[in-house]
Amino acid sequence: MIKHGRIIKSISGFYDVIDNESEKLVRTRARGNFRKRGIKPIVGDMVAYDDSGDLGYILELLPRNNSLVRPPIANVDQAIVVTSAVEPKFSSNLLDKILVNIEHNDIEPLIYLTKTDMIDEDAYAKISEQLEGYYEADYVIFDDKDNYNPQQVQRLQEHFADKVTVFTGQSGAGKSTLLNHIDPELAIATAAISQTLNRGKHTTRQVSLFEISGGLVADTPGFSSLELIDIDKDELPTLFPEFVKYSSECQFRGCRHVNEPGCKVKEMVDSGKIMKSRYDNYLYFLNEINSYKKRY
Ligand SMILES: Nc1nc2c(ncn2[C@@H]2O[C@H](COP(=O)(O)OP(=O)(O)OP(=O)(O)O)[C@@H](O)[C@H]2O)c(=O)[nH]1
Ligand SMILES: [Mg+2]
Ligand SMILES: [Zn+2]
């Protein structure tokens, strides 16, 4: 019989699918013709599958709303960008790059600051200052000094219902640890980063979706660097929400906010309304995109 469901886990050629109707977990394989067509099912994919045999067979992937490459996952509504204060050190450049990639895929980013217990008040004040600009971009931010305080964890969980949420961010930032705080029964393996670096491997190797607070939440392998895939220089300014707020007041339509006269965005950077580091990172990414063009 042909049924429908969502892939929540993929292990060595098998795909675990939650059936839409029965909500039961079914182990499946993908038909060989997927590989021939160059299509690979990924976690989050909605599928049609046949469950007549011992093992289900994925017959078809339904069209994706969106999909990420790093981490590989489809049909995501929102992303919790787990960002550590130290180990690995807070980097506005990497944070902005992650945010730009998420915005590009029409996924809503939320920012969660971890390891605040490992820094003193001064260092915390500095990071808080760096996070100011993200409030101006209207991002939802979790940056309590006591980063696992139950109210804040609760506030995060309230965003999960009826959505697919992905935890993403640098390796060692504390994605799996945060998920374990949310639901201790998950008992996901975590490791100190020095250990991670020694092994040259990431602690979380696979994307898997868990049912938490009425939604599906994915832990994913972290990364140490990221490329701006498929983003062109005309799209880039639209991926900074606080630029979009003011760009209609720029003198020129399609203003890239670089050297154009009468640029409202640059005026807002000068007045401090738009954070300088966000703008600098924008220019940096613009350069990076131009350098990809030269490379290919
Ligand atoms: N002190 C402190 N340690 C933390 C915090 N969050 C995570 N850690 C530690 O940081 C290390 C890395 O945490 P993980 O949760 O494994 O990090 P991850 O983001 O899942 O890493 P990958 O799976 O490699 O992407 C572990 O030793 C955790 O115990 C925190 O808020 N405070
Ligand atoms: Mg992990
Ligand atoms: Zn402008």
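Indexing begins at 1, ligand by ligand and atom by atom, following the structure's order.
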Does Arg27 qualify as a cation-pi partner of Tyr15, given the criterion of NZ or CZ under 6.0 Å from the six-membered ring centre and within 45 degrees of its axis? no
Within 45° of the six-membered ring axis of Tyr124 and under 6.0 Å from that ring's centre, is NZ or CZ of Lys145 located there? yes
In terms of the angle between their ring planes, are His257 and Tyr282 parallel, tilted or perpendicular, with boundaries placed at 30° and 60°? tilted
Any idea how Phe285 and Phe240 line up, ring-wise: parallel (<30°), tilted (30 to 60°), or perpendicular (>60°)? tilted
Looking at [X], which atoms of ligand 1 are within less than 4.0 Å of one of its heavy atoms?
X: Met118; value: 1 (N), 2 (C)
X: Gln170; value: 19 (O)
X: Ser176; value: 15 (O), 20 (O)
X: Asn147; value: 31 (O)

Can you name the closest pair of heavy atoms from Pro109 and Val81 and give their distance? CB-CG2, 4.3 Å
Would you say the side-chain atoms of Asp143 pair up with the backbone N or O of Leu113, donor to acceptor, closer than 3.5 Å? no
Going by distance only, is there an N or O of [X] that falls short of 3.5 Å from an N or O of ligand 1?
X: Ser171; result: yes
X: Pro221; result: no
X: Gly169; result: no

Which residues pass the side chain to side chain donor-acceptor pair (under 3.5 Å) test with Asn65, sequence neighbours left out? none
Looking only at non-hydrogen atoms, the one of Ala85, Pro88, Gly174 nearest atom 17 (O) of ligand 1 is Gly174
A student comparing Thr114, Asp146, Asp117, Val82 should find that the heavy atom closest to atom 32 (N) of ligand 1 comes from Asp117
Residues which pass side-chain contact (heavy atoms from CB on, under 4.5 Å) with Lys126, listed by chain and number, not counting sequence neighbours: none
Using a 4.0 Å heavy-atom cut-off, which part of Thr190 comes near ligand 1: side chain, backbone, both, or neither? both
Region of Asp219 that comes within reach of ligand 1 [heavy atoms, distance under 4.0 Å]: neither
Let me see the working for Gln130 and Ser92 under side-chain hydrogen bond (donor to acceptor under 3.5 Å, both in side chains), right down to the final yes or no. CA-CA 8 Å; Gln130 285 179 279; Ser92 82; 4.8 Å; no
Does Tyr148 have a non-hydrogen atom less than 4.0 Å from ligand 1? yes
What protein N/O/S atoms are found closer than 2.8 Å to the Mg ion (ligand 2)? Ser176 OG, Thr204 OG1
Pair Arg6 + Asp45, salt bridge at N-O below 4.0 Å: no
Whether the Asn147 and Thr114 side chains hold a donor-acceptor pair (N or O, under 3.5 Å, no angle test) is what I'd like checked. no
Check for me: within less than 2.8 Å of the Zn ion (ligand 3), which protein N/O/S atoms show up? Cys250 SG, Cys255 SG, His257 ND1, Cys263 SG
